[in-house]
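First the structure, in the form of structure tokens, and then the observations on it.
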Amino acid sequence: MIDPSLNSYRDRVLAWVERIPLGKVATYGQIAALAGKPRAPRQVGQILAGIPDPDALPWQRVINAKGEISTYRRGVGELQRAMLESEGICFDPQGRCDLRTYLWQRETDPLEA
DNA sequence: AGACTGACTCCAA
DNA sequence: GTTGGAGCCAGTC
């Protein structure tokens with residue numbers, strides 16, 4: 001599943017975020033589940049808020065379950081959106097992206113192939 | 001130790 | 001389809 005050297009929830013979360021491919025996005029809940037705690041999506045946000053080097057991590061590809069940017073109140077929302085758009089992610093007038101298209105699905109993608 | 005907070009989600013109305 | 005309320009987990013005060 002994941003590197004055994006990663007013991008803490010924090011490290012596992014970061015490791016998974018790092019694996020989100022360019023042009024795709026993942027939800028907090030998705031990352032939380034992959035990291036082993038499906039009921040702790042808020043921790044994902046908390047962790048991402050405290051990462052040492054944001055430049056080395058594609059944190060911008062993590063959004064909420066509705067496909068919206070969850071960081072507007074934190075002030076980096078516009079930056080995040082700009083980064084995602086530069087990766088090819090498109091947003092609706094409502095500020096939401098189509099998860100059906102952009103959600104990172106590491107298991108199956110029969111329709112996309 | 002107990003209470004508060006948050007870059008969330010799910011389910012019901 | 002949208003909006004509101006309750007639940008949840010880990011870190012911090």
Length of the CG-C1' vector between L48(A) and dA10(C), whole Å: 14 Å

Select base, sugar-phosphate, or nothing to describe what A49(A) touches, counting heavy atoms under 4.0 Å on all strands. base

Between Q30(A) and dT9(B), is there a contact of a side-chain N or O with OP1 or OP2 at under 4.0 Å? no

Distance, rounded to the nearest Å, where K66(A) contributes NZ and dT2(C) contributes C1': 10 Å

All heavy atoms of V25(A) vs all of Q30(A), minimum pair found to be O-OE1, 4.3 Å

Nearest heavy-atom neighbours spanning T27(A) and V62(A): C-CG1, 4.2 Å

Please give, in whole Å, the distance from dA10(C) P to R10(A) CZ? 15 Å

Closest of dT2(C), dC9(C), dA7(B) to the Y28(A) side chain is dA7(B)

What is the nucleic acid contact for Q94(A), judged by heavy atoms within less than 4.0 Å: base, sugar-phosphate only, or nothing? sugar-phosphate

Nearest whole angstrom, please: distance from the P of dC9(C) to the CD1 of I31(A). 19 Å

With a cut-off of less than 4.0 Å, is there a side-chain N or O of R12(A) near OP1 or OP2 of dA10(C)? no

Shortest non-hydrogen contact between E68(A) and R96(A), atoms and distance: CG-CG, 3.3 Å

Rounded interatomic separation in angstrom, taking CG from D92(A) and C1' from dT2(C): 15 Å

Between dA7(B) (C1') and L84(A) (CG): distance, integer Å: 13 Å

Hey, which of these two, Q60(A) or R39(A), hits DNA chain B nearer its 5' end, going by closest nucleotide? Q60(A)

Using a 4.0 Å heavy-atom cut-off, does R42(A) contact any base of the nucleic acid, only the sugar-phosphate backbone, or nothing at all? base

Count the heavy atoms of every other residue, nucleotide or ligand shown that sit under 6.0 Å from CD of E78(A), and state whether that count exceeds 12. no

Here the distance between atom P of dT12(C) and atom CD of Q43(A), to the nearest Å, is 11 Å

What's the closest nucleotide to the K37(A) side chain, out of dA7(B), dA10(C), dG1(C)? dA10(C)

Spacing of CG belonging to D92(A) relative to CG belonging to D98(A), to within rounding of 0.5 Å: 7.5 Å

How close or far is atom P of dG1(C) from atom CD of E68(A), stated in whole angstroms? 13 Å

Using Watson-Crick geometry (N1-N3 plus N6-O4 or O6-N4) or G-U wobble (N1-O2, O6-N3), each under 3.5 Å, dG7(C) is paired with dC8(B)

Relative to the 5' end of DNA chain C, which residue comes earlier, P41(A) or Q46(A), by the nucleotide with the nearest heavy atom? P41(A)

Taking the side chain of S70(A) as its heavy atoms from C-beta onward, which of dC8(C), dA7(B), dC10(B) lies nearest to it? dA7(B)

